[in-house]
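Before any comments, here is the structure.
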Amino acid sequence: MRWSRSFIPTLKESPAEAEILSHKLLLRAGVVRRLTGGLYTFLPLGLRVLRKIEGIIREEISSVGGLEVLMPALQPSEIWHQSGRYETASGVLYKARDRSNKEWVLSPTAEEVITTLAAGEISSYRQMPLNFFQVSVKFRDEIRPRFGLMRAKEFIMKDAYSFDCSDEAATISYRKMFAAYQRIFNRCGLINFPVEADTGVIGGSHSHEFMVPAETGENDVVYCDSGQYAANIEKATSAGPLEPASKSETGDAPEKFYTPGVTSIEGLRAAPFNVSGSQQIKTLIFMVKPSVADATKAVVVLLRGDDQLNEAKFAGLVGSTVFRPATGDEIFSMLNAHPGSLGAVTSTLSTSSLTLTVLADEALRGARGMTTGANEDGFHLRHVNMDRDVLVTCWGDLRTVKAGELCVSTGKPLKIQRAIEVGHVFKLGTKYSEKFNARFLDAEGKSQLCVMGCYGIGVTRTLQAIIEQSNDKDGIIWPLAVAPYAVCITPLSVVPGSAVMQTAERLYTELTAAGVEVMLDDRDDRPGVKFKDADLVGFPIRLGIGEKSLAKGEVELKPRGGVLQAVKVEDAVKQVLAVIAAKTLSE
RNA sequence: CGGGACGUAGCUCAGCCUGGUAGAGCACUUGGUUUGGGACCAAGACGUCGCAGGUUCAAAUCCUGUCGUCCCGACCA
């Protein structure tokens, strides 16, 4: 490709719409342009990179038996009602009506469609294992699209679905996909690692997310340096708080004391009270809708004062993602006190509030000598013993792990790292097979449910994650495997027929013939402009051709981010191929 | 959905407080000089100042509403 014939609108300055580096580089390097918030046009360079990533995905998923299909993005809302996700996923669903007022859904993912297909087509255990995948546009009504392609309303996703005749077989499918994912992200040149992920209300047995460490990521990952443990913070557990629960036993009954205006953990920690966070019980009230049919009910959550609620764990424990903090009015009508003065000590509860569901975090188990709200504004209680004074409906892990806490398996301190989620593998079980009656006859002639897995990769997000991880002050540094072109030939003068241009043309022809993708910068611009653009766009290799070096029979070979090296003209193709071979190995 | 900021040329922004003929840099067009890391000179083209009301002799500027964008939070199979 000749630069003058392509369309690469580079920018010197970053548009104001971009906040993070990778987003700025996407725009400055002419990879994408925004149509509106969360919607982007891929320009020629961007599309080439996208196709490279898709190609890697296709190869690796196919190599573990994946069969590519293409499903409709426009889906009848009935199947979403059938799966129950019309309700549970309604927040992210784009819905539309046609001329006869029938409702449609723009697909954020395709479990409903693929399971409908499987229910109709799979009838025997002999047909499995089966693994279907597609690479297609997905839609999500994001509350707040941001960071360019990272969180968009419309994006490209590879989604795959496996069907097996037993749980054991499904685990094998899962492991194959897990391994394929590792190869995919490694080939994309990404530093990445799998972490245990929250299975949420689906409650599947296995789920891993593939994470790319980056400060601009939207996930927190908890990990142990030993490499033996890594989990999304929504799922992560530890050996517990570093400071153990207070067990100081005075034998005293709970005692009310005056705390005017104190409505926070901090307030009690300060003088004159001096109650440490670990000696306090934090009381939160949530309004939970357990399922579509059920009424909303209040749930009390108890945590240690120095802990934060982990909402994903809470959702798992109550079995619903439909919940919200109770309002001040709702709380007052239940407990006769306002947030900041709440507690679950039985003696402070009215008859009606005694029936409230109380969930308590394990870190509070056996805690004594605690302080909590008295359900009376301006008062707290001290000498509270959990086992004696609080009626707990259910104990569970509800706290968010903090950096420095000890790893359950190794005993070493855990660390926390921000990361971008680029892939997710999920053992689904029979959730969808049940809803869509996807059954088969086993070897004994018995009807069984297909055991499913689902597997996603955010292709467009992966593209941006690569930029986020691979750049310098001059621009993008594309890993060879995904680069729009491997080589950029930069003749310093473009006078037709000149030795410089003739050499450039010859090398272009020879490299292309050797199977190398080449961009020839034939623009009549000053060298500085062309160097800056080549660096910004991020071609892995630049071949500079100028009069001075050509007089010595040389051209300049410069790997992006590497050292410039003079090579003989006649060796140039061979040298470029050698650099490509070396890069292919090291990436 | 709550809080905050911002909408002026393709891009980055000034002008607004204190109302009075629409600005700069970059990019673009033409000519010339340049030519090894985002050149220089000259000439030129490019705007319903987000939109709609209102106040006023007069609104980019003041007021109200509205739409959009960005940030923080909430939310997020």
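Note: hydrogens, waters and symmetry copies are ignored here, and every other heavy atom, side chains too, is used. Order of the sequence lines fixes the chain letters, A, B, ..., with proteins taken first and strands second; residue numbering starts at 1 for each chain.
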Suppose you measure atom [atom1] in [N] against the same atom in [M]; what distance do you get, rounded to whole Å?
N      : M      : atom1 : value
A9(B)  : U48(B) : P     : 8 Å
C62(B) : U18(B) : C1'   : 11 Å
U55(B) : C72(B) : P     : 41 Å
A52(B) : G68(B) : C1'   : 14 Å
C28(B) : C67(B) : C1'   : 30 Å
G20(B) : C40(B) : C1'   : 38 Å
G15(B) : G2(B)  : C1'   : 33 Å
A43(B) : G38(B) : C1'   : 24 Å

For atom [atom1] of [X] and atom [atom2] of [N], their distance in whole Å:
X       : N      : atom1 : atom2 : result
L557(A) : G36(B) : CG    : C1'   : 17 Å
K558(A) : G36(B) : NZ    : C1'   : 14 Å
R151(A) : U69(B) : CZ    : P     : 17 Å
R28(A)  : A27(B) : CZ    : P     : 13 Å
R461(A) : C76(B) : CZ    : P     : 16 Å
L39(A)  : U69(B) : CG    : C1'   : 13 Å
D524(A) : G38(B) : CG    : C1'   : 16 Å
F7(A)   : C28(B) : CZ    : C1'   : 13 Å

Go nucleotide by nucleotide along RNA chain B from the 5' end; which of L550(A) and S14(A) gets its closest nucleotide reached first?
S14(A)
Does I545(A) or E111(A) map to a spot on RNA chain B nearer the 5' end, using the closest nucleotide for each?
I545(A)
Short N-O contact, E142(A) and K153(A), less than 4.0 angstrom:
no
Using 4.0 Å as the upper bound for N to carboxylate O, is an ion pair formed by R560(A) and D472(A)?
yes
Considering only side-chain heavy atoms of [X], which listed nucleotide, [options], is closest?
X       : options                : answer
A16(A)  : C71(B), U69(B), U12(B) : U12(B)
K548(A) : A74(B), G38(B), G36(B) : G36(B)
P15(A)  : C26(B), G36(B), U12(B) : U12(B)
R526(A) : G37(B), U35(B), U12(B) : U35(B)
R146(A) : U69(B), C75(B), G37(B) : C75(B)
R542(A) : G36(B), C76(B), G37(B) : G37(B)
K532(A) : U35(B), G38(B), C11(B) : G38(B)
S549(A) : C26(B), G36(B), C13(B) : G36(B)
K12(A)  : C75(B), G38(B), U12(B) : G38(B)
T10(A)  : C13(B), G37(B), G38(B) : G38(B)

Distance test, side-chain N/O of T36(A) to OP1/OP2 of G68(B), below 4.0 Å:
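Negative; the distance criterion is not met.
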Short side-chain N/O contact from R324(A) to OP1 or OP2 of C1(B), under 4.0 Å
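R324(A) to C1(B) OP1/OP2: no side-chain N or O under 4.0 Å.
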Hey, would you say the [X] and [Y] ring centroids sit under 6.0 Å apart?
X       : Y       : answer
F210(A) : H208(A) : no
F314(A) : F286(A) : yes
F147(A) : H23(A)  : no

Identity of whatever pairs with [N] - Watson-Crick or G-U, under 3.5 angstrom:
N      : answer
U69(B) : A5(B)
U48(B) : none
C40(B) : G32(B)
G20(B) : C57(B)

Presence of donor-acceptor pair under 3.5 Å, side chain of [X] and base of [N]:
X       : N      : answer
E556(A) : G36(B) : yes
D533(A) : G38(B) : yes
E13(A)  : G25(B) : yes
D474(A) : G37(B) : no

Using 30° and 60° as the class limits, which term best fits the ring planes of F426(A) and H424(A): parallel, tilted or perpendicular?
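Tilted, since the angle between the ring planes falls between 30° and 60°.
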Classify the nucleic acid contact of [X] as base, sugar-phosphate or nothing, counting any heavy atom under 4.0 Å across all strands shown.
X       : result
E112(A) : nothing
P9(A)   : nothing
G546(A) : base

Identified side chain to side chain donor-acceptor pair (under 3.5 Å) partner of E112(A) from the options Q75(A), Q82(A), R85(A)
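Among the candidates, only R85(A) passes.
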Return yes if some donor-acceptor pair links the side-chain N/O of K313(A) with the main-chain N/O of A236(A) below 3.5 Å, else return no.
yes
Sub-4.5 Å side-chain heavy-atom contact between K138(A) and P108(A):
no
